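These notes concern the structure reproduced below.
Below, read A as the first sequence line, B as the second, and so on, with proteins coming before strands; counting in each chain starts at 1. Remember, predicted model here, so these are calculated numbers, not experimental data.
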Amino acid sequence: MSEVPEPVHHGFEPNPFGPHHDPISSDPIHADVASPVEQPELVQLLTPEGERVEHPDYSIDLSAEEVQALYRDLALVRRVDVEATALQRQGELGIWASLLGQEAAQIGAGRALLPDDMAFPTYREHGVAWCRGIDPLSIIGLFRGCDSGSWDPIESKFSLYTIVIGAQTLHAVGYAMGMQRDEGQGACLAFFGDGATSQGDVNEAFIFAAVFDAPVVFFCQNNQYAISEPIEKQTRIPLYRRASGFGFPGIRVDGNDVLAVLAVTRRALEAARSGQGPTLIEAYTYRMGAHTTSDDPSRYRLASEMEAWKLKDPIERLKAYLVRSGQADAAFFDAIQAESDELAARVRSGTMEMPDPDPVSMFENTYAEITPYLEEQRDTFLAYQAGFSDQDSHA
Amino acid sequence: MSEVPEPVHHGFEPNPFGPHHDPISSDPIHADVASPVEQPELVQLLTPEGERVEHPDYSIDLSAEEVQALYRDLALVRRVDVEATALQRQGELGIWASLLGQEAAQIGAGRALLPDDMAFPTYREHGVAWCRGIDPLSIIGLFRGCDSGSWDPIESKFSLYTIVIGAQTLHAVGYAMGMQRDEGQGACLAFFGDGATSQGDVNEAFIFAAVFDAPVVFFCQNNQYAISEPIEKQTRIPLYRRASGFGFPGIRVDGNDVLAVLAVTRRALEAARSGQGPTLIEAYTYRMGAHTTSDDPSRYRLASEMEAWKLKDPIERLKAYLVRSGQADAAFFDAIQAESDELAARVRSGTMEMPDPDPVSMFENTYAEITPYLEEQRDTFLAYQAGFSDQDSHA
Amino acid sequence: MSTSPVTLGKALNMGLRKAMEDDAKVLLMGEDIGKLGGVFRVTDGLQKDFGEDRVIDTPLAESGILGTAVGLAMRGFRPVVEIQFDGFVYPAYDQIVCQVAKLHARSRGRLPMSIVIRIPFGGGIGAVEHHSESPEAYFAHTAGLKVVACSNPVDAYWMIQQAIAHPDPIVFFEPKRRYWEKAELDTEATPEPLFASRLVREGSQVTVLAYGPMVKTALQAASAAEEEGISVEVLDLRTISPLDMGPVLASVRRTGRCVVVHEAPSNLGLGAELSARITEACFYELEAPVLRVGGYDTPYPPSKLEEDYLPDLDRVLEAVDRSLAF
Amino acid sequence: MSTSPVTLGKALNMGLRKAMEDDAKVLLMGEDIGKLGGVFRVTDGLQKDFGEDRVIDTPLAESGILGTAVGLAMRGFRPVVEIQFDGFVYPAYDQIVCQVAKLHARSRGRLPMSIVIRIPFGGGIGAVEHHSESPEAYFAHTAGLKVVACSNPVDAYWMIQQAIAHPDPIVFFEPKRRYWEKAELDTEATPEPLFASRLVREGSQVTVLAYGPMVKTALQAASAAEEEGISVEVLDLRTISPLDMGPVLASVRRTGRCVVVHEAPSNLGLGAELSARITEACFYELEAPVLRVGGYDTPYPPSKLEEDYLPDLDRVLEAVDRSLAF
Ligand SMILES: Cc1ncc(C[n+]2csc(CCOP(=O)(O)OP(=O)(O)O)c2C)c(N)n1
Ligand SMILES: Cc1ncc(C[n+]2csc(CCOP(=O)(O)OP(=O)(O)O)c2C)c(N)n1
Ligand SMILES: [Mg+2]
Ligand SMILES: [Mg+2]
């Protein structure tokens, strides 16, 4: 896909994963229990107003072109998302799961990936797919009901979308165990939501990863809701702290700050690649749209909440930074706007022109070696279909 | 059951569960990750040599009679266990899961229960069963293959043995949620092993308990092995710390010190009853026997390890304390010995005399309201059986 | 006059409300069933009226939901669990098959296990994968469970109440693509028993057995057949385990022919069991083997192909013709 | 000369060893399969010889085992997973049914899913609950999986290797009560294909179909029947999904009568599917309905009752007699 730039490479910060320190206090029962109310600080390199700030542990040094490339990513994936939502409204898609508001979390994470890394998405990682070079139309095909994801997960190093909550986190750990066992240089990046942290599978993934020191980074987009349920229905304490119970580092990053997400994810991936095992990243963000186009968020959240988060919009923030720091001018933004519109038009026409799948395909890939029984069903089906088209042509 | 004494009641220590303190350090990524090697201190009130020591957070004040009663519990449950192992060797039981070495963990926990509390065992909590007034023969019936536990779980406040690892922890949380919803004054005590901590169910139990502030105490007997797998196959860090990732207190107690286990469990149960939600107790102990009578531990552990743990034997330790502190004399120990032998004899004869279950019972309790289909199967079965006995009587 | 036209979804909602009013031990549990009222709005308004303690938005963990429901049932509550979609019941499979199904037997009848597991099932709504499955055979093969499926608003209203009042655990299948279909509901009528099948259309030549969403399809096929001069009898099974064989066998004895229709894959679907039982009971009366119209033995396909995958009027008619040709 | 008498358990061990030698991508995963060699010693010595990276003692979490096996398979490995006992496969049910079974289809054939799930199954060893189950129908009803069962040491040796070399995910059932039974094994013979049933005893009056532990029972029944002058033909199905209907139908066409035997509960067990298919294919040849001898539709009982629960020689004979009486 020509629209997608190469990942931006940088030297990595010195490895932050030294020997662990144990913060046990003298009162054993309270040793490591967080307050349920207190919100921890999150790693931030860009304020909501677009001001570049430093963080004692995380830094990043990007050229203007690199920051522009990130802006372009953010803008284009949002534009595709808006178009897909519109296409759903017009009946072209069965459903759409919008990433609105989560662009920085996804682009920051996606751009931290190196070619050997493997990503394991949920159903919402359109931004990560973009970074992996997946044509947005492949994503749309799934929501249109043409397939379950038409990209090649091995080639693209981007696994299939996974709808069963949490299942893919174990796949990521298993794949990472495979990397440990062959010549793999990469690490796995496993995506999941705040709600997913309640699933047994996700917790088992933490255990397997920790026990086997698997090169995997767990990337949780805490968008504050699992459909209608607020984060309080899943946890008493901030989610990044879950990792501490399993013996590996957890960190919260401002999920609407693409620079911070990029810096934090890079470092965690590098730690994984260099044999230090898993890290949990909690990207603190907000689902600005509905859960999916079938959802009605007005039933469970207040408009005022949305207003507050609008001020933290990940794209406005980067735009403000680019402008404020003089790294981009109006021409740049105009060009991106034009490119977005072009892309949206391509997505729209591509969707309309997308051929329906061949019915017989449902039989073809059930097995690598089809069974005689299924072959019989397929042949009966084909004969039955042929009967109809005979009828049609005779009519 | 006349052999089983009433639970020993005491006033409770002041509630230790104040507002939580957050130990986050300035280095976010290391905030709460323990060192994988370091072993934390455990709560101990009695040294392996039987010396009474004080602990800054936990104290206990028992009369001589009360300590004697604990000793009696320990001795009797061990004696029953030894007898059951022998019965299995002689072909009277299909299998037996020995509690050898874990008596203090189980009696300490079992004696911390108040009448309104409800216990949820695995398949090894013979000591807890004893504290709940369950006849050892009921336990033996299960291992003999007569039933799946013949005690009344509601009456005895001791749920059925659960063989599917971890499943009962969720039952405990659900039952505790029930207590929150009716006039319940009690708390639940959920037992499980070190291996069980890897199961999704156990982690989901932590989540539900934390989110709903359910009155439940998770009691993990870390006996160092899940069949053959050492604890390192399940976790990188000490198990009690798992709780911190879920936002509730975890504590490690010397599982071979009945006084410490009693003190720690009482306090956690009291916290649960008073609305402070769950606690995880890790009773650090050792499975001195085989996993079950079918197991051969020589395949996976060294005899020297066993020798080291023998020095920490929970019963010898209490005996030494009783003797050292002059709270019991030879006559006391002789009496217990005699009572043990009597009990063992009763268990043995009771086992030999145990009637086989009525075959038709397998149909009777499948449903509260049997289905016509199953009724038919039952009737066919009865007719078929009758056919055989006809044959027999005609022969 | 208590009759009014309601959708199947609304009828379930009314049934749940009535059950909660009648018995304070009835609790609802599930994901998004509170403020949202469930993704299909079946629990709409119930949390508002009965509170968060009785309409419980749970963490996102199906095993956790069923496992805690078991504990609540032990404590004497009657949890009614909503599984959001058919394809998401599997994380709870262990708790359902090993605990819910067995605890009554394991405890020799001492532990009450009055749990209803509501599952919207089947396809036809254009959903993405895992949202259109028909897993009923997995549960019907499990001793200790009972399994029912409603096909219309009237049954939905009564059956959900009867299921909740019943002492055994019941997997309650709701035909999701029929949630929006309406019927007149008389809330003061006397309901039929829960574990009874019902003759929904009389006919003389072929018996068609269906349940849940396929009842309507079977009825449509029967109407179409009539136009071709073929008389088809249709039974709504309603209860999947136990099967109510009385009316089924009576019908097949009359017609001598039988076609079973379901969306689930054919291999080891309910059609297999019905075929085996009918053939054993009516061996000399059958004019043709029992024929099955089911989903194909493939994963449920992407929604653009679901019309090809799902049994429809034509496939039912085709089987009816094949049966008559024997 | 490569023939020697080995137990079924040992034959599996030898087959696993051979598969690991032949293909470096083969990994074993499970609980206690390393130093202990598995609770049935089927993996005895393999960790010692192939190392901890290829014989992986996993955390105690079946969903975790299957989920990571999926990831390893995606990466091109061939994980062979041991489930310690039949009753403990359910926590992994979601990963098996939604991921293992579907990923080949979902990825349009791009993701390899060469996973073998070994499950010791069935009763008869006097175990406590959850250790004697026969869950094969749950998997056979699941499109995307293949399901086989071995019944003797020779098949065990070859079938496990064939299953591992096969590109599709296979649930491999091992008859645990036959682990200690011996047979001569010629490791240089040419094996039969994996997905083929086998005629194990010729007879003319009734066909008995069995698999796994029940093959021996069926053969014993056939011998006993012979003494009563009844000629029983026995087929070892070997493959449960797909069923190899060719030999089955050929046999039933010869005998006109069929009895299916399995330990699993009858309702929706394999007997149902076999009955439906045989009746459809041999409607005019059958002299009697296909009869089923299965476990009762109750939870597996305490071991003192398992002899009452399990199909045995007498129950098979009784069904043979009933079939002949039609
Ligand atoms: C096992 C399972 N249960 C339920 C669902 C239905 N479901 C789809 S998305 C969702 C909420 C997920 O929330 P979260 O993990 O926070 O991800 P988000 O959608 O917010 O990105 C639910 C309950 C599912 N897909 N899988
Ligand atoms: C779900 C499940 N998987 C596997 C088993 C087999 N099994 C029985 S006991 C056991 C080890 C349990 O270890 P742990 O939790 O430490 O308890 P312990 O036996 O040491 O008391 C295993 C693997 C089981 N009973 N349930
Ligand atoms: Mg979310
Ligand atoms: Mg253990």
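- Atoms CD and CE, from B:Glu376 and C:Met245 in turn, are 9.5 Å apart once rounded to the nearest 0.5 Å.
- The interface of residues 92-102 of chain C with chain B, defined by heavy-atom distances below 4.5 Å, comprises C:Asp94, C:Gln95, C:Cys98, C:Gln99.
- The shortest heavy-atom contact between C:Pro59 and B:Phe212 is CD-CE1, 3.7 Å.
- The CG atom of C:Leu103 sits 7.0 Å away from atom OG of B:Ser159, with the distance rounded to the nearest 0.5 Å.
- Contacts with chain C were tallied for B:Gly149, B:Ser148, B:Ala368; B:Ala368 has the most, counting heavy-atom pairs under 4.5 Å.
- Heavy atoms only, all atoms of each residue included: B:Leu170 and C:Gly64 are closest at CD2-CA, 3.6 Å.
- Residue contact with chain B, scored on non-hydrogen atoms closer than 4.5 Å, involves the backbone and the side chain of C:Thr58 alike.
- Chain B forms more heavy-atom pairs under 4.5 Å with one residue of C:His166, C:Arg108, C:Met113 than with any other, namely C:Arg108.
- Taking a 6.0 Å sphere around CD of C:Glu52, one finds it holds 12 or fewer heavy atoms contributed by other residues, nucleotides or ligands.
- Note on B:Gly178, B:Ala214, B:Ala205: by heavy-atom pairs under 4.5 Å with chain C, the leading option is B:Gly178.
- Neither the backbone nor the side chain of B:Thr169 comes within contact range of chain C, judged by heavy atoms closer than 4.5 Å.
- Neither the backbone nor the side chain of B:Ser361 has a heavy atom closer than 4.5 Å to any heavy atom of chain C.
- Among B:Ile154, B:Leu374, B:Val173, B:Asp152, the residue making the largest number of heavy-atom pairs under 4.5 Å with chain C is B:Asp152.
- Looking only at distances, a side-chain donor or acceptor of B:Arg181 sits under 3.5 Å from a matching main-chain atom of C:Asp53.
- Looking at C:Leu27, only its side chain comes within 4.5 Å of chain B, counting heavy atoms on both sides.
- The backbone N or O of C:Leu145 lies less than 3.5 Å from a partner atom in the side chain of B:Tyr367, making a donor-acceptor pair.
- Heavy atoms only, all atoms of each residue included: B:Gly184 and C:Arg75 are closest at CA-NH2, 3.3 Å.
- Rounding to the nearest 0.5 Å gives a distance of 12.0 Å between OG1 of C:Thr68 and CD1 of B:Ile207.
- Here the side chain of B:Asn365 pairs no donor or acceptor atom with the backbone of C:Ser107 at under 3.5 angstrom.
- With chain C as partner, the option from B:Glu204, B:Met118, B:Gln180, B:Glu155 having the largest number of non-hydrogen pairs under 4.5 angstrom is B:Glu204.
- Applying the salt bridge (Lys or Arg N to Asp or Glu O under 4.0 Å) test to C:Asp244 and every residue at least two apart in sequence or in another chain returns nothing.
- Side chain of C:Arg110 to backbone of B:Trp151: a donor-acceptor contact under 3.5 angstrom is found.
- If you measure heavy-atom distances from B:Met179 to chain C, the contacts under 4.5 Å come from both the backbone and the side chain.
- Annotation: cation-pi pair C:Arg277/B:Tyr373 present, NZ/CZ under 6.0 Å from the ring centroid and within 45° of its normal.
- Residue B:Ala167 touches chain C through both its backbone and its side chain, counting heavy-atom pairs closer than 4.5 Å.
- Only the backbone of B:Tyr161 has a heavy atom closer than 4.5 Å to any heavy atom of chain C.
- Between atom NE2 of residue B:His171 and atom CE of residue C:Met74 there is a gap of 5.5 Å, rounded to the nearest 0.5 Å.
- Contact of the C:Phe195 side chain with the B:Thr371 side chain is not registered, since no non-hydrogen atoms from C-beta on lie closer than 4.5 Å.
- Rounded to the nearest 0.5 Å, atoms OH (B:Tyr175) and CG (C:Leu72) are 10.5 Å apart.
- To the nearest 0.5 angstrom, B:Met177 atom CE is 10.0 Å from C:Phe77 atom CZ.
- C:Ala69 does not touch chain B: none of its heavy atoms, backbone or side chain, sits under 4.5 Å away.
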